[in-house]
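Read through the structure below, which is laid out as structure tokens, and then see the notes.
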2 protein chains.
Amino acid sequence: MIVCMPRAATTSDVFNAIAEPQRREILTLLKASELSVGGVADKLGLRQPATSKHLRVLREVGLVHVHQSGKQRLYGLDARGLRKIHDWTGGFEEFWNQSFDRLNEYVKTLKGGTNVDG
Amino acid sequence: MIVCMPRAATTSDVFNAIAEPQRREILTLLKASELSVGGVADKLGLRQPATSKHLRVLREVGLVHVHQSGKQRLYGLDARGLRKIHDWTGGFEEFWNQSFDRLNEYVKTLKGGTNVDG
DNA sequence: CGATCATATTCCCATATGGGAAAATTAGCA
DNA sequence: TGCTAATTTTCCCATATGGGAATATGATCG
């Protein structure tokens, strides 16, 4: 029985997974090439366990995939999940400039209407 | 003194702010028009306090702006902050299809017919 | 000023971290 | 069969929720 609804799990969806800056850095790193856990850890200055945990989250939401290569596990980028976010934010594209205008207009209303000097 | 680094605050940046589904719904709602807190609460089936808290987060990261209108406070969309996310995910656009190919190839090496959901 | 509607904040709870340290697990090789 | 390297998992901590309930603050009007 659910009593309360705390913050959603990072593994629940891609939005949560990339809310963590280090995980975004990992994804950016993997643009260049596949990397082992140790490789990622080295490049980002993290410990291996911490890196492994981040990679696990990314794996669970499907943003990376793994395969064994010798003694290492190579993590590779699977950016398809980011498309969902790109599309969602893209739905606001028409509002980017409009919001600017609205805000300007709003500010104008304040300044012009009240003539308050700041 | 910082002893550990727990999950980042939702107010730390836009990525964290929109990690919460209800806040994304609020932003989508505000595409249509400005809304009062009660208006948002009604449309999403939330209590007013909860709605107010979500709107506070969105305000602190700059995704919405507020102005008084009679007895109500009208919240309006300021989507400019979403551009950062759109741009960041856009940096992976060239990898969306490529990742698909990589994954297909990878799956092929394993077996041959695996259901890949996209 | 007081009454009232509309929001915001506080207090509380259980949950979900993110990282450090250490132990467990897995993979590849002699 | 062991041994070693690489990675994952477990245990622990302090922090940050998100929502409910109750309270405080704010704004408007008489």
Side-chain angles (χ1 to χ4, degrees), chain A residues 1-27 30 34-61 64-76 110 114, chain B residues 1-26 30 34-61 64-76 110:
Chain A
M1 174 173 49
I2 294 181
V3 178
C4 68
M5 172 84 73
R7 191 168 191 177
T10 58
T11 55
S12 61
D13 68 355
V14 182
F15 281 94
N16 271 286
I18 69 163
E20 161 64 41
Q22 314 235 58
R23 283 197 286 268
R24 292 200 296 275
E25 290 189 50
I26 290 177
L27 293 176
L30 295 181
E34 296 186 327
L35 281 174
S36 66
V37 179
V40 174
D42 284 349
K43 298 234 179 193
L44 297 188
L46 297 173
R47 315 284 168 125
Q48 245 182 25
T51 308
S52 182
K53 288 170 193 169
H54 282 312
L55 286 169
R56 181 177 198 237
V57 172
L58 293 173
R59 218 188 320 140
E60 293 198 20
V61 299
V64 300
H65 57 86
V66 203
H67 69 101
Q68 202 78 24
S69 171
K71 291 183 179 180
Q72 305 177 320
R73 304 191 71 190
L74 292 185
Y75 279 83
L110 289 184
T114 327
Chain B
M1 173 174 54
I2 296 181
V3 178
C4 67
M5 171 86 72
R7 191 169 192 176
T10 57
T11 55
S12 61
D13 65 8
V14 182
F15 281 95
N16 272 284
I18 68 163
E20 162 64 43
Q22 315 236 57
R23 285 196 286 268
R24 293 200 295 276
E25 289 190 51
I26 290 178
L30 295 181
E34 295 186 327
L35 282 174
S36 66
V37 179
V40 173
D42 284 349
K43 298 233 178 192
L44 296 188
L46 296 174
R47 315 284 167 123
Q48 255 185 18
T51 308
S52 182
K53 289 170 193 169
H54 282 313
L55 287 169
R56 182 178 197 236
V57 172
L58 293 173
R59 219 190 318 138
E60 292 198 22
V61 298
V64 299
H65 58 85
V66 202
H67 70 101
Q68 203 77 26
S69 171
K71 291 182 179 179
Q72 304 177 321
R73 305 191 72 190
L74 292 186
Y75 279 83
L110 286 185

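What you see below is based on every heavy atom in this structure, not just the backbone, and it leaves out hydrogens, waters and symmetry mates. In what follows, chains carry the letters A, B, and so on, assigned in the order in which the sequence lines appear, proteins first and then strands, with residues in each chain numbered from 1.
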Find the distance [X]:[atom1] to [N]:[atom2] and express it as a whole number of Å.
X: A/His54; N: D/dT7; atom1: NE2; atom2: P; result: 16 Å
X: A/Glu25; N: C/dG18; atom1: CD; atom2: P; result: 14 Å
X: A/Gln72; N: C/dT25; atom1: CD; atom2: C1'; result: 17 Å
X: B/Leu46; N: C/dT7; atom1: CG; atom2: P; result: 14 Å
X: A/Asn16; N: C/dG18; atom1: CG; atom2: P; result: 9 Å
X: A/Lys71; N: D/dC3; atom1: NZ; atom2: P; result: 15 Å
X: A/Leu74; N: C/dG28; atom1: CG; atom2: P; result: 11 Å
X: B/Asp13; N: D/dT17; atom1: CG; atom2: C1'; result: 15 Å

For this session: Please state whether the base of D/dT10 and the side chain of A/Lys53 form at least one donor-acceptor pair under 3.5 Å?
Result: yes
Exercise. Taking all non-hydrogen atoms of both residues, which atom of A/Ser36 and which atom of A/Leu74 are closest, and how far apart?
Worked result: N-CD2, 3.6 Å
Exercise. What are the two closest non-hydrogen atoms of B/Ile26 and B/His54, and how far apart are they?
Worked result: CD1-CB, 3.7 Å
Please tell me which of the listed nucleotides, [options], lies nearest to the side chain of [X]?
X: B/Val37; options: C/dT7, D/dT8, D/dA6; answer: C/dT7
X: B/Ser52; options: C/dT9, C/dA6, D/dG18; answer: C/dT9
X: B/Arg59; options: C/dG19, C/dG20, C/dA8; answer: C/dA8
X: A/Pro49; options: D/dG19, C/dG18, D/dT9; answer: D/dT9

Problem set entry | Pairwise side-chain contact, A/Leu35 with A/Leu30, heavy-atom cut-off 4.5 Å (strictly under) | yes
Exercise. Closest nucleotide of DNA chain D for A/Ala50 versus for B/Gly70: which of these residues is on the 5' side?
Worked result: A/Ala50
Can you check whether [X] has a side-chain N or O nearer than 4.0 Å to OP1 or OP2 of [N]?
X: A/Arg47; N: C/dA21; value: yes
X: B/Arg73; N: D/dA27; value: no
X: B/Tyr75; N: C/dA8; value: yes
X: B/Gln48; N: C/dT7; value: yes

Problem set entry | Atom pair CD (B/Glu20) and NZ (B/Lys53), whose distance is rounded to the nearest 0.5 Å | 12.0 Å
Exercise. Out of curiosity, A/Leu44 CG to A/Arg23 CZ, how far, rounded to the nearest 0.5 Å?
Worked result: 12.5 Å
Exercise. Touch check for B/Thr51, heavy atoms < 4.0 angstrom, all strands: base, sugar-phosphate only, or nothing?
Worked result: nothing
